[in-house]
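The block underneath contains the structure these notes are about, expressed in structure tokens.
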Amino acid sequence: MAALVLARPFRRGPACLGRLLRREAGGATCGPWGRGRLGARRGAGGSEVLRKSLQRGVVLSTGSFLVYEAHKLISGFAEVHASFKVEEVIEQADYLYGSGETEKLYRLLVQHKNSDDAELLWRLARASRDLAQLSSTSAEQRKQLAYEALEYTKKALEKNESNFAAHKWYGICLSDVGDFEGIKTKIGNAFIIKEHFERAVELNPKDATTIHLIGIWCYSFAEMPWYQRKIAATLFATPPTSTFEEALRYFHMAEEADPNFYSKNLLYLGKTYLKLNNKKLALLWLSKAKDYPAHTEEDKQVQKEALELLNSI
């Protein structure tokens, strides 16, 4: 079966960190100040209880009252401090990710692997996957990290099913694990992968990277050779299928959501038009891919492939 290649979401240096973080922010709905307000409301409720108790004739001693107020104060500080700690770790993690500091990022986040915060967990899954893809990582470590990353995304979804990034990275990590489990599992997982990508887009329609990944999913199955389709049909009553037209639609949707966001999306627009025998538009998009500024090693590989395809037309 043609490999279901899930491209790494776009990464640039610190100068482009703001835009990247907005795309990857996925699901944060309550920052430290929101929690602070919640604490204030809880304090107001306590005062109301005290007032009613006094009306009923229950007299609190001065000592009891002071203990009660001290408990509220300490609890509030602890809650705000915990919130700030999570926010600080996420801020550090996003800076390291934008700087390409993969090993430092993993060491920072793995300390929080038992966290209940979905934002930390999906970032840890991403860091584990990035570490697995380093050339210095052994085959055994790569496999272990792939399975660990999947577990982190599972936990993130358990903690917050409405976190779009958790769905996106669950799909990516599930695809990675399929590489170790054989063709039957990989094809079976393909349905689940697409469902999670679609859920991520439903939660965040502007996330161009997830839309691109659905396009890659469609392209991979559209490109599947006939004999592999026959094998898939023997394993599943209704194996996953797609068309180049469907893939093209998603690549264009990704470009509309965030124009020129990713060199590989430009490349696949050109490749898909080639598959559809539209050389004019293939030349247009392949030229854009070739001329895309090379910020990463992947961008350089895209430039090389785009040039080779242009020379072949």
Of all heavy-atom pairs linking Ser242 and Phe221, the shortest is N-CB, 4.2 Å
Nearest 0.5 Å, what's the NZ-CD distance between Lys143 and Glu148?
13.0 Å
Just wondering, do Ile172 and Phe197 contact through their side chains at under 4.5 Å, heavy atoms?
yes
Interatomic spacing from OG1 in Thr241 to CD in Glu246 - rounded to 0.5 Å
8.0 Å
Residue among Asn204, Thr209, Thr153 satisfying side chain to side chain donor-acceptor pair (under 3.5 Å) with Lys168:
Thr209
Side-chain touch Leu145/Arg129, heavy atoms, less than 4.5 angstrom
no
Whether the side chain of Arg142 engages the backbone of Thr137 through a donor-acceptor N/O pair (distance < 3.5 Å, no angle test) should be reported.
yes
Could you walk me through whether Lys155 and Glu158 pass salt bridge (Lys or Arg N to Asp or Glu O under 4.0 Å), step by step?
CA-CA 5 Å; Lys155 187 177 178 182; Glu158 288 171 3; over 6 Å; no
Is a donor on one side and an acceptor on the other found under 3.5 Å between the side chain of Arg123 and the backbone of Asp94?
no
Heavy-atom check, side chain of Glu103 versus side chain of Ser136, under 4.5 Å:
yes
Roughly how far, to the nearest 0.5 Å, is the OG atom of Ser263 from the NZ atom of Lys300?
12.0 Å
For the residue pair Phe180 and Tyr147, categorise the inter-ring angle as parallel (less than 30°), tilted (30 to 60°) or perpendicular (more than 60°).
tilted
Backbone N or O of Leu309 within a donor-acceptor pair of the Ser312 side chain at under 3.5 Å?
yes
dist Asp207:CG -> Phe261:CZ (nearest 0.5 Å) comes out at 8.5 Å
OG1 of Thr234 to CZ of Phe236, rounded to nearest 0.5 Å, is 9.5 Å
What verdict does the salt bridge (Lys or Arg N to Asp or Glu O under 4.0 Å) test give for Glu298 and Lys264, after you've listed the backbone C-alpha separation in whole Å, the side-chain angles of each residue and the deciding distance to 0.1 Å?
CA-CA 8 Å; Glu298 184 179 53; Lys264 210 159 194 175; 3.7 Å; yes
Membership question, hydrophobic clusters at under 4.5 Å side-chain separation (ILVMFWY): are Leu274 and Ile216 in the same one?
no
Do Leu134 and Leu109 share a hydrophobic cluster, counting only Ile, Leu, Val, Met, Phe, Trp and Tyr and linking them when any side-chain heavy atoms are less than 4.5 Å apart?
yes
Within 6.0 angstrom of Glu91 CD, more than 12 heavy atoms from elsewhere:
no
Regarding Lys271 and the six-membered ring of Tyr268, is the cationic atom NZ or CZ under 6.0 Å from the ring centre and inside 45° of its axis?
yes
May I have the step-by-step check of side chain to side chain contact (heavy atoms under 4.5 Å, CB included) for Arg199 and Glu195, ending in yes or no?
CA-CA 6 Å; Arg199 176 63 174 147; Glu195 285 174 5; over 6 Å; no
Can you confirm whether Asn163 sits close enough to Trp122 that some side-chain heavy atom of one is under 4.5 Å from a side-chain heavy atom of the other?
yes
With distance as the sole test, does Lys159 use its side chain to make a donor-acceptor pair with the main-chain N or O of Glu119 at under 3.5 Å?
no
Is there a side chain to side chain contact (heavy atoms under 4.5 Å, CB included) between Tyr97 and Asp130? Walk through the geometry before answering.
CA-CA 10 Å; Tyr97 180 74; Asp130 286 352; 3.4 Å; yes
When hydrophobic residues are tied together by side-chain contacts of less than 4.5 Å, even through go-betweens, does Leu276 share a cluster with Tyr219?
yes
Side chains of Glu305 and Gln301 in contact at under 4.5 Å (non-hydrogen atoms):
no
Count I, L, V, M, F, W, Y as connected when their side-chain heavy atoms are under 4.5 Å apart, and connections chain through other members. Are Ile313 and Val302 then in the same cluster?
yes
Between Ala257 and Ala208, which heavy-atom pair has the shortest distance, and what is it?
CB-CB, 4.2 Å
Distance-only, no hydrogens or angles: does the Glu181 side chain make a donor-acceptor pair with backbone N or O of Val177 under 3.5 Å?
no
Looking at every heavy atom in both Tyr106 and Ser128, which two are closest together, and how far apart are they?
CE1-OG, 3.4 Å
Restricting to non-hydrogen atoms, name the atom on Thr210 and the atom on Ala200 that form the minimum distance, rounded to 0.1 Å.
CG2-CB, 3.8 Å
Main-chain N/O of Ser175 paired with Lys186 side-chain donor or acceptor, under 3.5 Å:
yes
Just so I know, are the side chains of His167 and Glu198 near enough to count as touching, which here means a heavy-atom distance under 4.5 Å?
no
Ala118 versus Asn160, closest heavy-atom pair with distance:
CB-CB, 3.7 Å
Closer than 3.5 angstrom, by distance alone: can the side chain of Ser99 be matched with the main-chain N or O of Tyr95 as a donor-acceptor pair?
yes
May I ask you to decide if the ring planes of His212 and Phe251 are parallel, tilted or perpendicular, using 30° and 60° as cut-offs?
tilted
Do the ring planes of Tyr292 and His295 sit parallel (below 30°), tilted (30 to 60°) or perpendicular (above 60°)?
perpendicular
Would you name the heavy atoms of Tyr152 and Ala125 that are closest together and state the gap between them?
CB-CB, 3.9 Å
Chi angles and distances behind the salt bridge (Lys or Arg N to Asp or Glu O under 4.0 Å) call for Glu151, Lys154:
CA-CA 5 Å; Glu151 288 304 312; Lys154 281 182 183 178; 3.3 Å; yes
Residues Ile192, Tyr170; criterion side chain to side chain contact (heavy atoms under 4.5 Å, CB included); working and verdict:
CA-CA 10 Å; Ile192 304 170; Tyr170 180 83; 4.2 Å; yes
Does Leu124 reach the side chain of Lys113, with side-chain heavy atoms less than 4.5 Å apart?
yes
How many angstroms lie between CG in Asp116 and CG in Leu121, if you round to the nearest 0.5 Å?
7.5 Å
Between Leu266 and Glu255, is there a side-chain heavy-atom distance shorter than 4.5 Å?
yes
Do the side chain of Asp117 and the main chain of Leu120 share a donor and acceptor less than 3.5 angstrom apart?
yes
Hydrophobic cluster identity match, Val86 and Leu108, side-chain contacts under 4.5 Å:
yes
Working for side chain to side chain contact (heavy atoms under 4.5 Å, CB included), residues Lys288 and Leu284
CA-CA 6 Å; Lys288 288 186 176 184; Leu284 171 66; 4.1 Å; yes
